[in-house]
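Below: the structure, in structure tokens.
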Amino acid sequence: SPTIRTPPLWTLNNFDLGSGLGKGQFGRVYLAREKTSGFIVALKVLNISELIKNNAEKQLLREVEIQNNLRHPNILRLYGHFYDKKYVFLILEYAAKGELFRHLRKCTRFTEKRASKYFAQMAGALGYIHKKHVIHRDIKPENLLLDLDDQLKIADFGWSVHAPSQRRKTLCGTKDYLPPEMVENQPHDEKIDLWSLGVLCYELLTGNAPFEESANGRDTTYKRIAKADFTIPDHVSVDARDLISSLLQRDPNKRLPIKNVLNHPWILKHQKNSNVLRVTNRYYCL
Ligand SMILES: COCCOc1ccc2cc1OCC(=O)N(C)CCCNCc1c[nH]c3ncnc(c13)N2
């Protein structure tokens with residue numbers, strides 16, 4: 001009979017807890033070491049009463065089910081999970097350079113070469129999950145992490161669903177990345193991730209989101225999103241401008257399909273000389 005590998009039943013006693021890595025909507029993330037192997041992981045600790053209060057337990061179960069089946073170099077691995085009376089624990093791959101967001105804020109904006117590298121890794125991961133009919137629905141810099149080799153890792157699949165979906169996403173956190181069809185609560189499919197990819201590209205190159213929640217409040221942001229009303233600063237190259245505009249299309253069917261994103265001139269021109277052995281991943285701000 002085949003030896004069925006039964007996964008170990010993890011408990012908190014299997015881990016030495018390290019420093020906190022940040023606080024999310026339902027819990028904190030800690031650095032942790034598995035005692036017998038010495039393997040370093042990130043442990044996300046979610047408060048069960050918080051999850052229930054926010055009616056988020058189903059969403060978490062979907063997240064675990066989805067992320068359990070994803071294997072991609074730019075998707076943060078979920079190795080396992082366990083729970084006790086009060087908490088659910090997610091055993092995750094550790095991304096040593098933390099949130100992409102912090103590096104972006106430190107540099108104000110990335111060079112086109114650096115931005116296109118992260119963007120291409122993001123597009124590769126999206127192409128992979130779309131083939132599995134999974135849509136992410138929550139792409140934003142704070143959910144994107146960097147590992148020691150400066151590889152991008154998508155962290156939070158909290159909002160991912162199987163396409164197509166009508167589920168109303170309770171508007172928590174930034175609205176900047178919402179596409180028109182979600183602002184107008186229309187049915188949506190994986191093309192919403194293409195819009196968010198356009199917003200991400202804009203933000204990596206300029207340091208701001210194209211429909212930034214301006215001082216005069218949320219509804220102007222929605223109006224500007226609904227009209228796809230944005231301007232691209234002059235310092236952005238023609239190729240990057242073309243790519244952003246082909247993703248920030250009101251009509252989801254007009255957005256550049258993910259396979260064309262990956263062979264867009266802006267991606268290819270920066271990739272060709274990156275095949276040379278990359279000696280260091282150290283980056284300096286502009
Ligand atoms: C339902 O939950 C699904 C899984 O969501 C996450 C898994 C792992 C995460 C973050 C996740 O969600 C977002 C979140 O909690 N924050 C924005 C606060 C903490 C930021 N992490 C910082 C961090 C630094 N090095 C890391 N290596 C691995 N994972 C990390 C981090 N964070």
Side-chain angles (χ1 to χ4, degrees), residues 4-15 17-18 20-34 37 39-95 98-99 122 124-140 142-145 147 151-170 172-173 188-190 192-193 196:
I4 308 285
R5 198 185 65 76
T6 44
L9 288 181
W10 297 109
T11 71
L12 201 48
N13 294 330
N14 293 107
F15 300 93
L17 231 50
L21 295 172
K23 183 169 178 1
Q25 195 188 2
F26 295 118
R28 290 182 174 282
V29 182
Y30 296 89
L31 191 57
R33 179 179 52 217
E34 199 279 316
S37 61
F39 196 73
I40 297 294
V41 294
L43 210 55
K44 182 157 179 178
V45 183
L46 296 132
N47 185 312
I48 293 179
S49 53
E50 272 296 297
L51 286 167
I52 294 174
K53 207 163 62 181
N54 292 273
N55 196 8
E57 59 272 43
K58 276 186 296 301
Q59 175 196 327
L60 178 69
L61 286 177
R62 186 173 49 234
E63 144 104 29
V64 168
E65 180 228 323
I66 287 181
Q67 211 156 349
N68 261 334
N69 299 312
L70 296 176
R71 296 281 186 281
H72 188 277
N74 300 113
I75 294 175
L76 199 75
R77 273 297 305 282
L78 176 65
Y79 296 122
H81 65 283
F82 57 95
Y83 49 87
D84 62 19
K85 277 188 300 300
K86 284 187 70 182
Y87 302 104
V88 175
F89 301 86
L90 304 181
I91 309 169
L92 295 143
E93 174 183 2
Y94 171 53
E99 294 170 37
M122 186 71 204
L126 280 187
Y128 169 80
I129 67 167
H130 287 178
K131 268 196 216 102
K132 292 176 169 267
H133 303 295
V134 170
I135 40 181
H136 188 281
R137 298 203 317 171
D138 197 13
I139 294 166
K140 52 184 191 260
E142 53 268 39
N143 286 340
L144 305 181
L145 305 168
D147 74 358
Q151 290 300 304
L152 181 133
K153 302 278 178 178
I154 306 178
D156 188 357
F157 277 77
W159 290 103
S160 47
V161 285
H162 286 96
S165 151
Q166 169 59 28
R167 242 180 67 71
R168 186 91 184 85
K169 169 181 167 126
T170 50
C172 52
H188 50 272
D189 61 11
E190 70 280 348
I192 67 166
D193 287 340
S196 307

Distance, nearest 0.5 Å, that separates CG of Leu51 from CZ of Phe26: 6.0 Å
Hey, can you tell me if Phe15 and Trp10 have their rings parallel, tilted or perpendicular (30° and 60° cut-offs)? tilted
Do Phe89 and Asp84 come close enough that some side-chain heavy atom pair is under 4.5 Å? yes
Side-chain donor/acceptor of Lys153 to backbone N/O of Pro73, under 3.5 Å: yes
Using 30° and 60° as the class limits, which term best fits the ring planes of Phe39 and Tyr79: parallel, tilted or perpendicular? perpendicular
Calculate, to the nearest 0.5 Å, the distance between atoms NE2 and CD belonging to His81 and Glu63 respectively. 11.0 Å
Quick one: pull up CZ in Arg28 and CG in Asn47 and give me the separation to the nearest 0.5 Å. 11.5 Å
Give me the atom names and distance for the closest heavy-atom approach of Ile192 to His188. CG2-CB, 3.4 Å
Closest non-hydrogen atom pair, Asp189 against Ile135: C-CG2, 3.7 Å
Look up atom OH in Tyr128 and atom CD1 in Ile75, then write down how far apart they are to the nearest 0.5 Å. 6.0 Å
How long is the straight-line distance from CD of Glu34 back to CG of Leu43, given to the nearest 0.5 Å? 11.0 Å
Close side-chain approach of Leu70 and His72, heavy atoms under 4.5 Å: no
Between Asn54 and Glu50 (side chain of the first, backbone of the second, donor and acceptor by atom type, cut-off under 3.5 Å), is there such a pair? yes
Salt bridge or not between Glu65 and Arg62? Use side-chain N to carboxylate O under 4.0 Å. no
Under the 3.5 angstrom rule, does the side chain of Gln67 hit a backbone N or O of Leu76 as a donor-acceptor pair? yes
How many angstroms lie between CG in Leu21 and CD in Glu99, if you round to the nearest 0.5 Å? 9.5 Å
